[in-house]
Amino acid sequence: MALKWTAKSNGALANSANVQPKLSLQRLGQAIGLCSVVGAAALLSPTAHALKTDFGMEYRATAFASGSDAFETLGGSDSDTGFGQLIRVKGNFLDEETGISVYTSVELAGDRWTGDDRKYGTTNDQSFNSTSRGDNVRLDLGYLQIPVGHTVFRVGRQATSYNNCFLVCDDRRDRIIMIQPFSKTLSVVLGYDRRQDSTPFEHQDNGDMMNLGVITKLGDWDLGLLYVKWMNNYEGTVGVAPTPYVLQNVDLFSGYLSGDLLGLAKATVGFNYFMNGNVENPVDNVYFTDKSPSAYLRLTQSFGVIDAGLQYVTSKDGGLISPGFDTYSSLINSNPEATASATSMYRMGGTLGREDFDENLIIGKATWNLTPKFAITGAVGNLDIDNGTDSDDSMVYDLQLSYQANKALRTWLSVGMIEKNDAGALTGNDLVGSLAGADFSDDDVKAASLNMSVNF
């Protein structure tokens, strides 16, 4: 929905002390004429400005269930069920004269249902409503965009995804960036992120980073390259106060190449490469103190009403993979940073540079588009895990039914399973909670969710 209005910034208001309780017809006519002249002058005046606004919202609801003997160590039960919802209201504002705009999004709710009386996390939890006390409203997005010629500057809380969600996926970052296009096919991005700043007048818990990226084309292929450098605010081990931000002095290279492969399929290859971290954990040799690569190769093609995909994903020595990366399995990653998925049980590429920890996934999928609105997707793959002591592999199965009712409303059902694995440990997600310590060496892991989303 968009609204637009114009107004004269230096318009005058009548003095209320001079307004008479009664107006003659002649004075009323004069007043109407004067208002018409002033209004026309405001519309034609060069000092007039136009503010364009755009509002929208996002709603998501999910019902989920999971089961495995691995869960018994967490709370005594081998299964769990739950519900959750997400509500975001968006408002964007553009000054058409200057081109300056402000983008905002407020998260009204984004939690697993725990009942009406949710209480507050403060020392004083009194409220007017004693039976339905909710969570605080949270900032989702809020940034300023300033165009200077062809250059664009952005300052504030921004959404970010990169490398087909292999490095980062729908995350929120407090950042300052500059976007400089040099042609229709070449753009350079330079930015600064402040990831953490917990304690005033302390630097070791600061998480700040600079990044430089290039997006261009090589013939018909899309190419992206990104370099990130975390600042060196601390060197040593964890366990001191304040707790240091663990990515210190780390170097990151991330890139992708995507295009048509000899007319046979669309091919995409991407990688992340971390090294030179200054913070050490003596227990498991993290955080990115040595070289830690990860990569993926994805092939996709359509055959009439069938869309097929095949991909290989790997992480070596704890190489990083975003939790939001689409692995074709609803139980492995496929869990964007700002929009959690309740069925994501295992995280590939989440050990932050753990030496000798290797993961490999090869998986294929096929989507049958029965109608333009209804589709069935099935996926089968194999997950191999080597934790440096044990190694094992598991078959992975996934099924999804999705229905796009209209341009705003989508519903889908996901069901998945990972077979037991002697070398792996479950990780969980923000809706289910942490599953740390829950290995699945003795039982398969199953999860399902029924979802609904609205965007407009």
Side-chain angles (χ1 to χ4, degrees), residues 60-86 109-123 125 131-135 243 281 283-284 286 323-324 327 329-337 339-352 354 357 359 383 385-400 412-452:
R60 177 175 295 194
T62 183
F64 54 89
S66 56
S68 174
D69 289 344
F71 300 143
E72 292 181 351
T73 60
L74 302 173
S77 177
D78 62 358
S79 64
D80 188 31
T81 61
F83 300 87
Q85 68 176 6
L86 171 69
D111 307 276
R112 177 172 174 162
W113 290 356
T114 57
D116 296 330
D117 189 5
R118 306 188 66 132
K119 303 189 183 301
Y120 294 106
T122 63
T123 56
D125 62 358
T131 60
S132 181
R133 292 175 285 176
D135 301 294
T243 301
N281 185 337
V283 176
D284 47 15
V286 292
T327 62
S329 167
S330 60
L331 272 68
I332 304 174
N333 294 56
S334 303
N335 182 42
E337 278 94 330
T339 310
S341 170
T343 57
S344 182
M345 297 285 134
Y346 183 81
R347 163 82 185 275
M348 285 188 71
T351 60
L352 301 180
R354 179 177 167 183
F357 194 95
E359 300 160 292
L383 172 66
I385 305 171
D386 185 342
N387 61 21
T389 303
D390 298 314
S391 63
D392 198 4
D393 66 286
S394 305
M395 290 300 295
V396 178
Y397 307 95
D398 219 81
L399 177 67
Q400 183 184 100
W412 68 98
L413 170 68
S414 293
V415 181
M417 184 181 81
I418 306 176
E419 291 184 342
K420 59 185 180 180
N421 192 297
D422 291 333
L426 303 178
T427 50
N429 57 78
D430 287 341
L431 285 171
V432 172
S434 173
L435 303 180
D439 73 80
F440 55 111
S441 58
D442 295 325
D443 193 20
D444 305 334
V445 181
K446 309 174 189 68
S449 66
L450 179 62
N451 309 273
M452 175 179 64

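Throughout, residue positions are numbered sequentially from 1 according to the sequence presented.
The side-chain contact (heavy atoms from CB on, under 4.5 Å) test applied to A109 returns Q85, I87, not counting sequence neighbours. Applying the side-chain contact (heavy atoms from CB on, under 4.5 Å) rule to L74 yields the partners F71, L435, A438; only residues at least two apart in sequence or on another chain are considered. Remark: T73 pairs with no residue by the side chain to side chain donor-acceptor pair (under 3.5 Å) rule, at least two apart or across chains. Not counting sequence neighbours, S329 has no partner by the side chain to side chain donor-acceptor pair (under 3.5 Å) test. Qualifying side chain to side chain donor-acceptor pair (under 3.5 Å) partners for T81, counting only residues two or more places apart in sequence or in other chains: none. For D80, the salt bridge (charged side-chain N to carboxylate O under 4.0 Å, His left out) partners at least two apart in sequence or on another chain are R112. For L399, the side-chain contact (heavy atoms from CB on, under 4.5 Å) partners two or more places apart in sequence, or in a different chain, are I376, L401. Residues passing the side-chain contact (heavy atoms from CB on, under 4.5 Å) test with D69 are E72, D78, D443, sequence neighbours excluded. Every side chain to side chain donor-acceptor pair (under 3.5 Å) that T62 has, sequence neighbours left out, goes to N451.
Applying the salt bridge (charged side-chain N to carboxylate O under 4.0 Å, His left out) test to every pair with at least one member in residues 417-435, sequence neighbours left out, gives no pairs at all. For residues 385-400, the set of pairs meeting the salt bridge (charged side-chain N to carboxylate O under 4.0 Å, His left out) definition, not counting sequence neighbours, is empty.
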ask   = Between L86 and T339, does a side chain to side chain contact (heavy atoms under 4.5 Å, CB included) hold up when you go through it step by step?
value = CA-CA 8 Å; L86 171 69; T339 310; 4.1 Å; yes
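Taking CZ of F83 as the start and CG of L431 as the end, the distance is 12.5 Å to the nearest 0.5 Å. With rounding to the nearest 0.5 angstrom, the CD1 atom of I418 is 9.5 Å from the CG atom of D444. Taking CG of N387 as the start and CG of D439 as the end, the distance is 10.5 Å to the nearest 0.5 Å.
Taking both residues in full, the closest heavy atoms of F64 and G84 are given as CE2-N, 4.3 Å, listed atom of the first, atom of the second, then distance. Closest heavy-atom contact between E337 and G324: OE1-N, 4.2 Å. What you find for A436 and S434 is that their closest heavy atoms are N-OG, 3.2 Å.
Side-chain contact check for L331 versus V396: every heavy-atom pair is 4.5 Å or farther apart. Looking only at side-chain heavy atoms (C-beta outward), S68 and K446 stay at 4.5 Å or farther from each other.
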Check residues 342-350 and write down every donor-acceptor pair under 3.5 Å in which the side-chain atom is one partner and the other belongs to a residue at least two apart or another chain.
unit_1, atom_1, unit_2, atom_2, d
T343, OG1, S330, O, 3.2
T343, OG1, S341, OG, 3.3
S344, OG, N333, O, 2.8
Y346, OH, E359, OE2, 2.6
R347, NE, I321, O, 3.0
R347, NH2, I321, O, 2.8
R347, NH2, G349, O, 3.3

